[in-house]
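Just so you know, ligand 1 is whichever comes first in the structure, and atom 1 is the first atom listed for that ligand. Positions are given from 1, in the same order as the sequence printed here.
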Amino acid sequence: MNTGKVDVLLGLQWGDEGKGKVVDVLTPKYDVIARFQGGPNAGHTLEFENQKYVLRSIPSGIFQGGKLNIIGNGVVLAPDLFMKEAQELEKSGHELKSRIHISKKAHLIMPTHRILDQAYEAARGKGKVGTTGKGIGPTYTDKTSRNGLRVGDILDRFDEKYQAHKERHLKMLKALNYSDFDITETEKEWMEGVEYLKQFKLVDSEHEINRLLRQQKTILCEGAQGTMLDVDFGSYPFVTSSNTICAGACIGLGLGPRMIGNVYGIMKAYCTRVGSGPFPTELFDETGKQLRDLGHEYGAVTGRERRCGWVDLIQLRYSVMVNGVTHLILMKSDVLDAMKTIKACVGYKLPDGTTTKELPFDLEGVEPIYQELEGWQTDMTKMTSEDEFPAAFKKYLQFIEEFLETPIKIVSIGPDRAQTVIRK
Ligand code: GDP
Ligand code: IMO
Ligand code: MG
């Protein structure tokens, strides 16, 4: 049968690669944009016409041409945060209610999930994950342990269900000896958020998406977080609690794997990470600070400083593999514009002294082996075509393409929608 097509766009590093910006750029090419996992732990930044927006739960296809945006079953949703985010956008003149459909199977993040998130982090002490504190882990845990509360539940005997879940959480918090919290105010806003959610179309999104595909519609799936934060393939246990990889789009939207066409893998020209966990190419010197300052590397959600380092091609080759990436999208190369030389990790030295070119089971104690490349030392931020790219930058692109055996389709040279070069 002839159907429409589904492409997936996702992060290849530890998140914050620039997914929001590129989804916005690509939206005019699609009929539908769909989020398939994660929740308000995401912060996707978009800039255009001197406006800046940070989206958390709302897909990044909301600003271009009245497209349908779907929040899939794989997402976890906090009604109070969703309400605040949506009302801000409505205030600035963006109509959302007819354009956002929410899966009835998406799980709800309760106020007590956020407290549990804090309690688990406190209990881990030094080994804390450094979560965003949004209740992501506890909500996905309830989902897999078959204790979750879903969006569809708000339509029937909700108070009763909510109270039962809350009681269970309070017992868990007591067992953790965690009592220093008061959710009275949050709970009130949360309940307002639940009422607000009812103004949106709550759908069986798997049916809707497959129906749209039969009608030849095109869909872009927007990933959150990044491959190294995937609960199976990331730097476990310092990961998020969902499958951020391409297969997550099948699970989080109800798509058969054969429906997936292009897989756009987004990477920064360097690398960042927020929160704890190993990061082989992390820089603690002036260059690291320079990357943070020039790249404005501060968390979009928590404001935390992002850890910065050189690009890691061993890690990226692994990400290309587990996602089946068909096209690369290179972000933030402008941050390297002034550098004389640039480093890329092309191998690892393991703690036992041996070397490898494959991502090992554990990244702890791994040392990067670098190749030094010539910088282009040219301001590229106003370029509009790849023909203008300096020779050293072209060489750099070719080096990455060859190492990762994947073509670079888009080069982003600044935060604005207009600072995007689509390659031939
Ligand atoms: P996401 O979570 O993957 O959507 O990425 P974030 O929005 O968390 O972080 C990316 C940051 O880089 C945002 O502040 C963007 O505005 C900014 N950005 C995106 N692309 C570029 C680029 O090509 N150059 C520069 N300098 N900044 C960019
Ligand atoms: P976007 O979509 C970067 C990180 C947190 C923490 C770990 C687990 O904007 O790229 P969680 O709250 O999910 O339980 O935290 O994952 N993390 C992100 N880092 N970008 C994100 O999203 C992230 N979402 C979660 O910092 O280390
Ligand atoms: Mg982000």
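Atoms of ligand 2 lying under 4.0 Å from at least one heavy atom of A42, given by number and element, are 1 (P), 2 (O), 9 (O), 22 (O). Proximity to V239 (heavy-atom distance under 4.0 Å) selects the following atoms of ligand 2: 7 (C), 8 (C). Below 4.0 Å from some heavy atom of M331 lie the following atoms of ligand 1, by number and element: 20 (N). Of all the atoms in ligand 2, the ones that sit under 4.0 Å from a non-hydrogen atom of A224 are 2 (O). For ligand 2 and K19, the ligand atoms under 4.0 Å from any heavy atom of the residue are 1 (P), 2 (O), 10 (O). Against a heavy-atom cut-off of under 4.0 Å, H44 is close to the following atoms of ligand 1: 1 (P), 2 (O), 4 (O), 7 (O). Atoms of ligand 2 found under 4.0 Å from any heavy atom of W14 (numbered from 1 in listed order, with element): 3 (C), 19 (N). Within ligand 1, the atoms closer than 4.0 Å to a non-hydrogen atom of E47 are 16 (O), numbered from 1 in the order shown.
Around the NZ atom of K394, the shell of radius 6.0 Å holds more than 12 heavy atoms that belong to other residues, nucleotides or ligands. Around NZ of K409, the count of heavy atoms belonging to other residues, nucleotides or ligands within 6.0 Å does not exceed 12. Counted within 6.0 Å of CG on D285, heavy atoms from surrounding residues, nucleotides or ligands total more than 12; the atom is thus considered enclosed. Counting heavy-atom neighbours within 6.0 Å of Q371 CD, excluding the residue itself, gives a total above 12. Within 6.0 Å of NZ on K128 lie no more than 12 heavy atoms contributed by other residues, nucleotides or ligands. Within a 6.0 Å sphere centred on NZ of K67, heavy atoms belonging to other residues, nucleotides or ligands number more than 12. Heavy atoms of other residues, nucleotides or ligands lying less than 6.0 angstrom from CD of Q163 number more than 12. Heavy atoms from other residues, nucleotides or ligands lying under 6.0 Å from CZ of F200 number more than 12.
Considering backbone and side-chain N/O atoms, T131 never comes within less than 3.5 Å of an N/O atom of ligand 2. For a threshold of 3.5 Å applied to N or O pairs, the pair formed by K21 and ligand 1 contains no separation below that value. Checking only distances, R304 does come within under 3.5 Å of ligand 2, N or O to N or O. An N or O contact shorter than 3.5 Å links H44 to ligand 2 by distance. On a distance-only criterion, K134 and ligand 2 share no N/O pair closer than 3.5 Å. Looking at ligand 1, you'll find an N or O of G414 within less than 3.5 Å of one of its N or O atoms. The distance criterion of under 3.5 Å between nitrogen or oxygen atoms is met by T240 with respect to ligand 2. Between G15 and ligand 1, not a single N/O pair is under 3.5 Å apart.
Under a 4.0 Å heavy-atom criterion, G295 is not in contact with ligand 1. Residue-ligand proximity: K268 is placed with every non-hydrogen atom at 4.0 Å or more from ligand 1. Ligand 1 has at least one atom lying under 4.0 Å from a heavy atom of G43. Remark: distances from the non-hydrogen atoms of H296 to ligand 1 are all 4.0 Å or more.
Annotation for S412 and D334: closest pair O-OD1, 4.0 Å, computed over non-hydrogen atoms. Contact between L89 and L96 at its shortest, heavy atoms only, is CB-CD1, 4.0 Å. The nearest pair of heavy atoms linking S57 to I71 is O-CD1, 3.5 Å. Taking each heavy atom of Q225 and E17 in turn, the nearest pair found is O-OE1, 3.8 Å.
With a 4.5 Å cut-off on side-chain heavy atoms, T132 and R304 count as touching. At least one side-chain heavy atom of P390 sits less than 4.5 Å from a side-chain heavy atom of M383.
Taking atom 26 (N) of ligand 1 as the reference point, the nearest protein heavy-atom neighbour is D334 OD2, 2.7 Å. Of all protein heavy atoms, the one lying nearest to atom 7 (O) of ligand 1 is T45 OG1, 2.5 Å. For atom 22 (O) of ligand 2, the nearest protein heavy atom (residue, atom name, distance) is Q225 NE2, 3.4 Å. Atom 10 (C) of ligand 1 has as its closest protein heavy atom D16 O, 3.7 Å. Scanning all protein heavy atoms for the shortest distance to atom 23 (O) of ligand 1 gives S412 OG, 2.5 Å. Protein heavy atom closest to atom 12 (O) of ligand 1, with residue, atom name and distance, is K332 NZ, 2.9 Å. Counting only heavy atoms of the protein, atom 4 (O) of ligand 1 lies nearest to G20 N, 2.9 Å.
One side chain, D142 or H169, offers a donor N or O that lies under 3.5 Å from an acceptor on the other.
Within D16, the N, O or S atom lying nearest to the Mg ion (ligand 3) carries the name OD1.
Looking at E208 and K201, no side-chain N of the basic residue comes within less than 4.0 Å of a carboxylate O on the acidic one, giving no salt bridge. For the pair E282 and R307, the salt-bridge criterion is met [side-chain N within less than 4.0 Å of a carboxylate O]. Taking the charged nitrogens against the carboxylate oxygens, D16 and K332 have no contact shorter than 4.0 Å, which rules out a salt bridge.
By heavy-atom distance, the residue among G18, G275, G130 lying nearest atom 6 (C) of ligand 2 is G130. Relative to atom 18 (C) of ligand 2, the option among L229, N41, V274, L10 with the closest non-hydrogen atom is L229. Across T132, V129, I266, T45, heavy-atom proximity to atom 12 (O) of ligand 2 is greatest for T132. Selection from G39, G38, G43 by nearest heavy atom to atom 9 (O) of ligand 2 gives G43.
Counting heavy atoms closer than 4.0 Å to ligand 1, residue V54 contributes nothing at all. Neither the backbone nor the side chain of Q419 has any atom closer than 4.0 Å to an atom of ligand 1 (non-hydrogen atoms only). With a 4.0 Å heavy-atom cut-off, ligand 1 is reached by the side chain of R306 but not by its N, CA, C or O.
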- Run the ring-ring contact (aromatic ring centres under 6.0 Å, His included) check on F63 and H94 step by step: do they pass? CA-CA 8 Å; F63 296 110; H94 299 279; 4.9 Å; yes
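For residue G43, an N/O/S atom approaches the Mg ion (ligand 3) to within less than 2.8 Å.
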